[in-house]
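Working notes, beginning with the structure itself.
Note that the structure is a prediction, hence the values are computed from the model and not measured. Keep in mind that the numbers below use all heavy atoms, side chains included, and drop hydrogens, waters and symmetry copies. Chain A is the first sequence line, chain B the second, and so forth, proteins listed ahead of strands; every chain is numbered from 1.
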Protein chains: 2
Amino acid sequence: MFQQSVAAPARHQNCSECPIRHRAVCARCDGDELDRLEEMKYYRSFQAGQTVVWSGDRMDFVGSVVSGIATLTQGMEDGRTQMVGLLLPSDFVGRPGRQGAAYDVVATTDLVMCCFRKKPFEEMMERTPHVAQRLLQMTLDELDAAREWMLVLGRKTAREKIASLLAIIGRRSSDLGVMPKPGGLVFDLPLTREAMADYLGLTLETVSRQISALKKDGVIILEGKRHVTVPDFARLIAESGDDGTVGAGAAWSRRGATTS
Amino acid sequence: MFQQSVAAPARHQNCSECPIRHRAVCARCDGDELDRLEEMKYYRSFQAGQTVVWSGDRMDFVGSVVSGIATLTQGMEDGRTQMVGLLLPSDFVGRPGRQGAAYDVVATTDLVMCCFRKKPFEEMMERTPHVAQRLLQMTLDELDAAREWMLVLGRKTAREKIASLLAIIGRRSSDLGVMPKPGGLVFDLPLTREAMADYLGLTLETVSRQISALKKDGVIILEGKRHVTVPDFARLIAESGDDGTVGAGAAWSRRGATTS
DNA sequence: CGCAGAATTGATACATCTCAAGCTGGGTGG
DNA sequence: CCACCCAGCTTGAGATGTATCAATTCTGCG
């Protein structure tokens with residue numbers, strides 16, 4: 001049902017020292033509740049490229065991304081695929097109350113997940129409100145992000161799509177510490193051109209061309225294929241077609257999310 | 001903040017006789033809880049075409065669609081718009097814990113909403129689990145539907161998009177009573193060509209052309225511009241690019257949803 | 001060194017958009 | 001009751017953005 005975890009098994013870790021303690025589904029839990037979660041939790045590690053869950057498979061756990069990045073993908077019979085979610089640390093995977101996985105979950109970098117056995121987790125959701133409340137909040141944020149993305153997919157040009165993706169990834173990176181340096185925003189792309197294409201509803205060739213165009217126009221600076229510098233973030237936003245206003249758009253920075 | 005309700009004010013109605021009692025956010029409430037909801041609720045009616053809420057406006061209520069259909073739309077500065085949700089009876093509007101509306105909500109038919117004052121509703125969510133649990137379930141369904149739609153927007157052809165929309169509307173209609181007649185599935189389109197275009201990320205001309213094409217190919221039969229007969233539902237599904245399998249796709253039939 | 005996966009770039013095809021005319025049906029006022 | 005009107009819709013012809021097919025060129029790694 002899921003592939004063998006190949007990366008070194010993560011050390012069993014105390015929740016109170018967990019890096020995602022305050023953002024994940026357990027964010028609101030008190031000491032007692034945390035103890036209960038400790039009992040039903042275990043860590044799994046995956047290598048970059050490994051599939052965490054296959055769409056349609058039975059799934060007897062839910063969990064949070066502790067570190068690394070995973071993608072959520074939906075496919076059609078003829079091979080076309082669309083990414084429907086990008087899972088970053090603290091994001092939630094799995095749906096309480098559902099048997100099977102609805103999407104493929106794939107690790108794009110080395111990945112560590114904190115998993116909860118589903119049955120006990122569901123029981124806990126019934127009895128204590130804190131987990132359910134937090135999950136609701138995260139799910140609502142994720143819904144906003146999905147709707148934001150519908151606008152990108154349905155109405156934006158290829159160039160705007162690329163700019164939107166860069167803005168989202170850039171914003172998220174800066175959230176997580178890397179401060180807007182005087183020299184501009186700097187980050188690494190966690191996705192291949194093909195993965196970006198899957199996210200944006202484009203082909204990888206078009207992605208490549210538009211990135212080249214943005215580079216030529218000075219909107220971004222590339223070192224190698226993955227390392228990006230954005231000298232003027234406002235310019236990037238303008239290229240994305242959004243006004244600077246924080247609408248539901250902030251969903252992505254408010255984040256902590258739900259899934260599969 | 002919202003336009004005057006112009007349609008005749010709906011009669012104050014008892015929850016226990018409410019047509020959406022078992023599907024809406026109140027589905028799991030017991031008698032006591034229902035009494036509390038009764039106290040904070042009021043009905044609003046809107047005429048077809050009226051805007052229920054403007055994106056960015058302060059929103060001091062949340063509520064359920066009782067009858068009629070509304071759309072949830074996101075716009076860009078230059079006028080491009082993308083529909084991000086279709087609100088049918090029992091669907092939920094508004095986000096607890098948020099001040100402003102994230103999207104425009106527009107009535108596409110005459111509409112009746114059951115509204116709850118936000119403050120008391122939020123307090124109730126804190127204290128009793130049934131409302132929050134139901135809302136979580138509805139939000140998760142809505143998230144699945146949104147992701148399903150991302151595949152449509154990102155990867156499907158115009159013809160497949162139209163077929164997908166017809167399948168969704170058709171399926172929903174048949175859910176709500178109208179049985180798959182021997183003569184095939186019959187329903188009325190609740191949307192103009194332009195609204196369909198906004199939903200599908202197309203222009204209204206392309207929508208029109210593809211509908212004509214599906215008609216010419218015998219996939220659908222049109223009487224007037226809105227009345228549709230689908231002689232062979234499986235054929236329609238095939239045209240939509242989906243296999244018949246019920247994946248997350250069933251989100252739309254399992255429904256009862258969240259919003260704005 | 002050379003290979004393999006990832007990315008770039010080019011030439012061409014095609015789906016969808018854009019702009020522009022008409023059509024249709026239901027409502028309205030003379 | 002009829003003529004008109006207008007929003008919604010259809011259809012056409014041409015422009016355009018993105019996909020597709022096909023070489024190369026990178027880049028890291030055994």
Side-chain angles (χ1 to χ4, degrees), chain A residues 47-50 71 76 78-82 106 108-109 152-166 188-217 220-228 239 241, chain B residues 47-50 71 76 78-82 106 108-109 152-166 188-217 220-228 239 241:
Chain A
Q47 289 185 313
Q50 266 194 297
T71 63
M76 294 169 65
D78 63 7
R80 282 176 281 177
T81 71
Q82 173 67 49
V106 179
T108 62
T109 65
V152 173
L153 290 172
R155 291 303 187 192
K156 290 194 179 179
T157 65
R159 170 182 265 243
E160 289 170 335
K161 285 178 175 182
I162 298 289
S164 298
L165 181 57
L166 293 175
D188 282 290
L189 289 172
L191 301 174
T192 64
R193 301 289 126 108
E194 186 177 22
M196 293 173 74
D198 274 351
Y199 206 167
L200 297 167
L202 297 170
T203 59
L204 85 182
E205 293 97 328
T206 297
V207 169
S208 183
R209 277 186 246 273
Q210 296 299 336
I211 288 182
S212 298
L214 289 175
K215 183 170 73 173
K216 183 161 69 63
D217 297 345
I220 58 174
I221 299 163
L222 270 186
E223 286 163 285
K225 283 133 195 321
R226 298 294 191 90
H227 194 72
V228 179
E239 292 286 357
Chain B
Q47 288 185 313
Q50 267 194 296
T71 63
M76 294 169 68
D78 63 7
R80 282 176 280 177
T81 72
Q82 173 67 50
V106 179
T108 61
T109 65
V152 173
L153 290 172
R155 292 303 186 192
K156 290 194 179 178
T157 65
R159 170 182 266 242
E160 289 170 335
K161 285 178 175 182
I162 298 288
S164 298
L165 181 57
L166 293 175
D188 282 289
L189 289 173
L191 301 174
T192 64
R193 301 289 126 109
E194 186 177 22
M196 293 173 74
D198 275 351
Y199 205 166
L200 297 166
L202 297 171
T203 59
L204 86 184
E205 293 97 328
T206 298
V207 170
S208 184
R209 277 187 247 272
Q210 296 299 337
I211 289 182
S212 297
L214 288 174
K215 182 170 74 175
K216 182 161 69 65
D217 296 346
I220 58 174
I221 298 164
L222 270 185
E223 287 164 285
K225 285 138 197 317
R226 298 294 192 91
H227 194 72
V228 179
E239 292 287 356

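- For the pair A/L191 and A/R155, both in contact range of DNA chain C, the more 5′-proximal nearest nucleotide belongs to A/L191.
- A donor-acceptor pair under 3.5 Å is absent between the side-chain atoms of B/S208 and the main chain of B/L204, judged by distance alone.
- Shown here are the side chain to side chain donor-acceptor pair (under 3.5 Å) partners of B/T206, two or more places apart in sequence or in another chain: B/T203.
- With sequence neighbours left out, A/R193 forms a salt bridge (charged side-chain N to carboxylate O under 4.0 Å, His left out) with no residue at all.
- Remark: A/R226 is in phosphate contact with C/dA7, judged by side-chain N or O atoms under 4.0 Å from OP1 or OP2.
- Here the straight-line distance linking atom CZ of B/R155 with atom CZ of A/R80 works out to 9.0 Å at 0.5 Å rounding.
- With sequence neighbours left out, the salt bridge (charged side-chain N to carboxylate O under 4.0 Å, His left out) criterion links A/D188 to no other residue.
- Taking the 5' to 3' direction, DNA chain D first and last meets chain B under 4.0 angstrom from a heavy atom at D/dC9 to D/dA13.
- Separating the CG atom in A/L191 from the OG1 atom in A/T71 is a distance of 8.0 Å, to the nearest 0.5 Å.
- Within 4.0 Å of A/L204, counting heavy atoms only, lies no atom of the nucleic acid at all.
- With a 4.5 Å cut-off on side-chain heavy atoms, B/M196 and B/Q210 do not count as touching.
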**Complete:** Scoring nucleotides 21-28 of chain C by protein non-hydrogen atoms under 4.0 Å (B base, S sugar-phosphate only, - none) yields --------
**Message:** With side chain to side chain contact (heavy atoms under 4.5 Å, CB included) as the criterion, how do B/I220 and B/I211 come out once you've worked through the C-alpha distance, each side chain's angles and the decisive distance to 0.1 Å?
**Reply:** CA-CA 8 Å; B/I220 58 174; B/I211 289 182; 4.1 Å; yes
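- The residue A/R159 sits apart from the nucleic acid: no heavy atom pair falls under 4.0 Å.
- Of the residues in residues 205-214 of chain B, those with a non-hydrogen atom less than 4.0 angstrom from any atom of DNA chain D are B/E205, B/S208, B/R209, B/S212.
- Interatomic distance, B/T81 OG1 to B/M76 CE, rounded to the nearest 0.5 Å: 10.5 Å.
- Within the nucleic acid shown, A/T192 comes within 4.0 Å of sugar-phosphate atoms alone, with no base atom in reach, counting heavy atoms only.
- If you take CG on B/L202 and NZ on B/K156, they are separated by 12.5 Å, rounding to the nearest 0.5 Å.
- Distance check, rounded to the nearest 0.5 Å: CG of B/L214 to CD1 of B/I162 gives 7.0 Å.
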